[in-house]
Amino acid sequence: MRIRIDDDFDLEKIRDSGQCFRVEPFEDGTYRFISSNQYLYIRRSSPGYYQVKCRRGAWDKFWRVYFDLDRNYHIIRSHIPASDPFLQAAAQAGRGIRILRQDPWEMLITFIISQRKNIPAIRKAVNQLARKYGKPIDTGRELIYSFPTARDLARAGHNGLAGCSLGYRLPYIECAIDMVRSGKLDLTRLEGLPLDEIKEALKTVQGVGDKVAGCIALFGYGRTDAAPVDVWISRVIKENYGGIDPFTAYGQEAGIMQQYAFYYIQHVLRQA
DNA sequence: TATCAGGGCCTAG
DNA sequence: CTAGGCCCTGAT
């Protein structure tokens with residue numbers, strides 16, 4: 001199926017932006033995405049046009065939401081004031097990134113794993129979990145695995161999980177599984193709550209601090225008013241903004257600005 | 001082959 | 001509030 005996307009949209013940058021860790025690029029420019037029990041093969045065919053393959057109806061119902069396509073990032077970028085040259089440059093570099101609306105449970109586990117790991121290491125651990133304990137999905141092109149549910153991971157047991165390179169995060173993951181299975185943490189109920197309440201609820205899980213909770217809010221609940229501060233962003237705040245966080249001033253766009261900044265540091269400034 | 005830091009969090013002082 | 005430890009991996 002051929003579809004048109006008018007707004008900023010860059011598959012490579014999305015894959016490299018560090019919000020998703022299971023996207024697979026292929027030689028011919030196709031990218032394969034997995035989320036919940038859905039899959040998507042997508043390739044740019046000409047400027048603004050994409051060839052997509054997914055389940056019937058899933059593009060409109062699922063993937064448009066996933067890629068946040070009802071929001072105009074072009075306009076958001078154009079509103080960055082000249083008084084903020086750093087973010088102007090960052091947004092220029094990161095043009096094409098979108099904030100992905102992913103599954104909260106998957107984000108919870110993924111971002112617990114992410115701490116003190118680099119992106120390749122996160123990819124490896126998350127994919128290993130999926131391969132071992134997710135459910136197989138036949139896309140017609142290949143066999144892929146859904147991200148394991150809390151129940152799937154409970155079935156894996158302590159010994160199963162111990163073989164997944166989780167290191168000191170293992171008890172954190174086990175805590176998350178227990179809390180979700182017992183109902184002490186109801187991820188569905190958090191949908192639509194104020195950001196502070198979402199984060200507070202998430203932080204009742206061992207191993208979830210402010211940064212990880214912010215990432216889950218942003219990438220799992222689409223709360224773009226969340227702008228999680230990691231070591232890199234923290235350095236930018238110190239070195240480029242005199243220690244004063246510039247992101248919160250962007251309100252509902254704070255998280256988008258944070259993503260531009262993060263991409264910019266990782267892919268542009270780091271080379272220089 | 002060895003060494004080090006990596007998209008944090010927890011706990012102790 | 002600050003410092004160290006934590007388990008494992010990828011990068012030098």
Side-chain angles (χ1 to χ4, degrees), chain A residues 12-23 86-87 90 93-94 97-100 102 104 106-132 153 156 158-179 185 198-221 223-224 226-241 243 245-247 254-272:
Chain A
E12 188 181 356
K13 287 185 194 172
I14 290 170
R15 196 238 177 187
D16 289 340
S17 64
Q19 20 172 353
C20 51
F21 302 95
R22 301 192 62 209
V23 180
F86 180 88
L87 269 180
I97 289 173
R98 311 205 58 96
I99 302 295
L100 303 180
Q102 303 179 75
E106 179 171 345
M107 293 301 98
L108 172 60
I109 300 304
T110 298
F111 281 96
I112 289 174
I113 290 173
S114 79
Q115 52 194 82
R116 290 292 290 170
K117 276 185 189 284
N118 51 28
I119 291 177
I122 301 168
R123 283 191 183 126
K124 185 176 175 184
V126 173
N127 280 313
Q128 191 174 65
L129 270 187
R131 253 199 324 278
K132 282 174 109 162
L153 289 186
H158 178 83
N159 289 335
L161 292 176
C164 291
S165 326
L166 298 171
Y168 65 85
R169 306 162 195 82
L170 174 58
Y172 301 163
I173 301 288
E174 291 181 315
C175 176
I177 295 168
D178 286 345
M179 289 189 63
L185 177 64
I198 294 179
K199 286 174 67 175
E200 280 319 301
L202 292 169
K203 282 157 86 169
T204 60
V205 179
Q206 290 286 306
V208 177
D210 204 59
K211 190 272 177 183
V212 168
C215 287
I216 302 166
L218 182 56
F219 306 128
Y221 291 96
R223 295 305 302 259
T224 49
V229 176
D230 56 61
V231 289
W232 298 98
I233 294 291
S234 151
R235 261 170 233 167
V236 164
I237 294 173
K238 196 190 275 178
E239 287 164 24
N240 298 287
Y241 292 95
D245 181 338
F247 298 101
I256 299 173
M257 296 304 145
Q258 188 268 7
Q259 275 301 185
Y260 286 143
F262 185 78
Y263 182 89
Y264 187 52
I265 306 162
Q266 295 283 306
H267 295 87
V268 182
L269 299 187
R270 195 135 78 140
Q271 328 286 353

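Lettering follows sequence order; numbering is per chain, from 1.
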Interatomic distance where [atom1] belongs to [X] and [atom2] belongs to [N] [whole Å]:
X	N	atom1	atom2	answer
A/I119	C/dG10	CD1	P	13 Å
A/I173	C/dC8	CD1	P	14 Å
A/I112	B/dC10	CD1	P	10 Å
A/N118	B/dC4	CG	C1'	12 Å
A/L166	B/dG8	CG	P	17 Å
A/Q115	B/dG6	CD	C1'	12 Å
A/Q128	C/dT9	CD	C1'	12 Å
A/E174	C/dC7	CD	C1'	14 Å

Practice item. Determine the interatomic distance between P on C/dG4 and the same-named atom on B/dC4; round to the nearest Å. Key: 16 Å
Check your understanding: If the P atom of C/dT9 is compared with that of B/dC10, how far apart are they to the nearest Å?
Key ->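 Looking at atom P only, C/dT9 and B/dC10 are 22 Å apart.
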Side chain of [X] (C-beta onward), nearest among [options]:
X	options	value
A/Y168	C/dG10, C/dC6, B/dC10	C/dC6
A/A121	B/dC10, C/dC7, C/dT9	C/dT9
A/R116	B/dG6, B/dC9, C/dG10	B/dG6

Practice item. Determine: side-chain N/O of A/S165 to OP1/OP2 of C/dT9, distance under 4.0 Å, yes or no. Key: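 Checking A/S165 against C/dT9: at least one side-chain N or O falls below 4.0 Å of OP1 or OP2.
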Reported [atom1]-to-[atom2] distance for the pair [X] and [Y], which is rounded to 0.5 angstrom:
X	Y	atom1	atom2	value
A/F219	A/L100	CZ	CG	8.0 Å
A/M107	A/L218	CE	CG	10.5 Å
A/K199	A/I216	NZ	CD1	10.5 Å

**Study point:** Shortest non-hydrogen separation from A/A93 to A/K13 and the atoms involved
**Key:** O-NZ, 2.9 Å
Practice item. Would you name the heavy atoms of A/A130 and A/R22 that are closest together and state the gap between them? Key: CB-NH2, 3.2 Å
Look at all strands and tell whether [X] reaches a base, only sugar-phosphate, or nothing, counting heavy atoms closer than 4.0 Å.
X	result
A/F262	base
A/T110	nothing
A/I233	nothing

Exercise for review: Could you tell me how the ring of A/Y172 sits relative to the ring of A/Y168: parallel (under 30°), tilted (30 to 60°) or perpendicular (over 60°)?
Suggested key: perpendicular
Exercise for review: Hey, which sits more toward the 5' end of DNA chain B by its nearest nucleotide, A/Q206 or A/D230?
Suggested key: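 The 5'-side residue here is A/D230.
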Practice item. Using the closest heavy atom to pick a nucleotide of DNA chain B for each, name whichever of A/R235 or A/D210 lands nearer the 5' end. Key: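 Of the two residues, A/R235 wins.
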Exercise for review: Using the closest heavy atom to pick a nucleotide of DNA chain C for each, name whichever of A/G167 or A/P120 lands nearer the 5' end.
Suggested key: A/G167
**Study point:** Watson-Crick or G-U counterpart of B/dT11, or none if no pair lies under 3.5 Å
**Key:**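 Base-paired to C/dA3.
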